[in-house]
Amino acid sequence: MKLSHRITHLTPSGSDGWEVFYRARQMVAAGEDVIELTIGEHDIGTDTVILDAMDRAAKGGHTGYAMVPGIQSLRESVARRIEERTGVPTTYENILITPGGQSALFAAHLAACDEGDTALYIDPYYATYPGTIRGIGAKPVAIQTRAEDAFQPRAEDIEAHAKGASSLLINTPNNPTGTIYSRQTLDGIAEVCRKHDLWLISDEVYDTQVWEGQHLSPRALPNMADRTLVVGSMSKSHAMTGSRVGWICGPADVVRHLINLATHTTYGVPGYIQDAADFAIAQGPDLEEKIAEPFRRRRALARDILARHNAVGLIPSQGAMYLMLDLRATGLSGFEFANRLLDAHRIAVMPGESFGKAAAGHVRAAMTIDDKAFAAALETICTFAESLSK
Ligand code: PMP
């Protein structure tokens, strides 16, 4: 049977830079000890207080179909949290609860783009971005950033591609680079969006993982609330990756259409999961800080270790759970370095090339193993890079 072009061309065929990851997983399956610094998943599980709330909700009977837009209480909690953090007036009518940030990214693009429209995104990028854009029938166009700018996008580079485009997808704090977009960067982005009438899709799933500076939501910039769709999630802020609960925050009339879309796609998020998310948000910033703390600690450890070595440069890593390591001094591509590192030391990192062109010659290390093992792995990466640079 013939399958649709849409689904068979979601991701391009051939090498995509994920080979190192799959090879590491095969080695683990074969019983080898591999130190995995690949995927963005906390090494702590979901906090037991949240699991207890989930258990209470499920056993209390919240296991039937939940309201498609999200339960009222969670929509209100998310709106309040956003208003408190950004100062932008926000009500439940601005919020659709989604099964995680990924489905919010898909829905936001479906709302912003028609078939064949151009949807812009920033390179390096989170792995699913181009496939998400292709999936809704639009054309993904990458805007390159530069390592020497610490991967902050330049407004003029976006401007060069903006004419006729429908949307621009950004992500701050950024996966994979750890960069937090500055006020100046975001002002420039907002100006291009207003000038070219672009929807801004702002992926802020790492908004609680800020190590340096401040996270600024572009929805709070002048005249941006009407054209910004913010993607949020409980995955990273509350270590609830497997619970699949996130949201879109946007203008109320857009959210009404998105609710209609949800009726025809997800039909909502399980009620007991939403109750647990609502409980988790009600715990306030203390719980969020507790969950972010291991990454804050490891990032400080990493800076001390990298300061003692020359062959590895660190993109400032202002936020998120990753380090972007510059290995260009070795003369190797990120892909070659990651493969050699895996063979020589059984340490798995992601080649920068798996996140697009802009991070070539870099690797991304997730800070997702315990402090001691993480520090030891980083020391090994540094001395290995030094031996290759000689
Ligand atoms: N955006 C970014 C930048 C991510 O890194 C991820 C997950 N790694 C997501 C969105 C999706 O997260 P989820 O669907 O778990 O909310």
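Basis for what follows: all heavy atoms, side chains included, without hydrogens, waters or symmetry-related copies. Values in this document were obtained by computation on a predicted structure and should not be read as measured data. We count ligands from 1, going down the list as the structure has it; atoms in each ligand are counted the same way.
No heavy atom of T241 sits closer than 4.0 Å to any atom of ligand 1.
Contacts between K236 and ligand 1, counted as non-hydrogen atom pairs separated by less than 4.0 Å, involve the side chain only.
Heavy atoms from other residues, nucleotides or ligands lying under 6.0 Å from CD of Q214 number 12 at most. D304 CG: more than 12 foreign heavy atoms inside a 6.0 Å radius. More than 12 heavy-atom neighbours from other residues, nucleotides or ligands sit within 6.0 angstrom of CD on Q283.
At a 3.5 angstrom cut-off on N or O pairs, G101 counts as close to ligand 1. Considering backbone and side-chain N/O atoms, Y129 never comes within less than 3.5 Å of an N/O atom of ligand 1. Residue contacts with ligand 1: N175 is placed with a nitrogen or oxygen under 3.5 Å of a nitrogen or oxygen of the ligand (distance criterion only). Where the criterion is an N or O separation shorter than 3.5 Å, residue side chain and backbone included, Q102 meets it with respect to ligand 1.
Near S233, meaning under 4.0 Å from any of its heavy atoms, are these atoms of ligand 1: 13 (P), 16 (O). Below 4.0 Å from some heavy atom of N171 lie the following atoms of ligand 1, by number and element: 3 (C).
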* With side-chain hydrogen bond (donor to acceptor under 3.5 Å, both in side chains) as the test, would you mind laying out the steps for R219 and T90 before giving the verdict? => CA-CA 11 Å; R219 180 166 172 264; T90 306; 3.1 Å; yes

* What do the steps show when you test T368 against E36 for side-chain hydrogen bond (donor to acceptor under 3.5 Å, both in side chains), and what is the final call? -> CA-CA 8 Å; T368 47; E36 288 194 84; over 6 Å; no

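The main-chain N or O of K59 is never found under 3.5 Å from a side-chain atom of T63 such that the two would form a donor-acceptor pair.
Given atom 15 (O) of ligand 1, the protein heavy atom at minimum distance is S235 OG, 2.6 Å.
With respect to the salt-bridge test (charged N to carboxylate O, under 4.0 angstrom), the residues D52 and R56 do not qualify.
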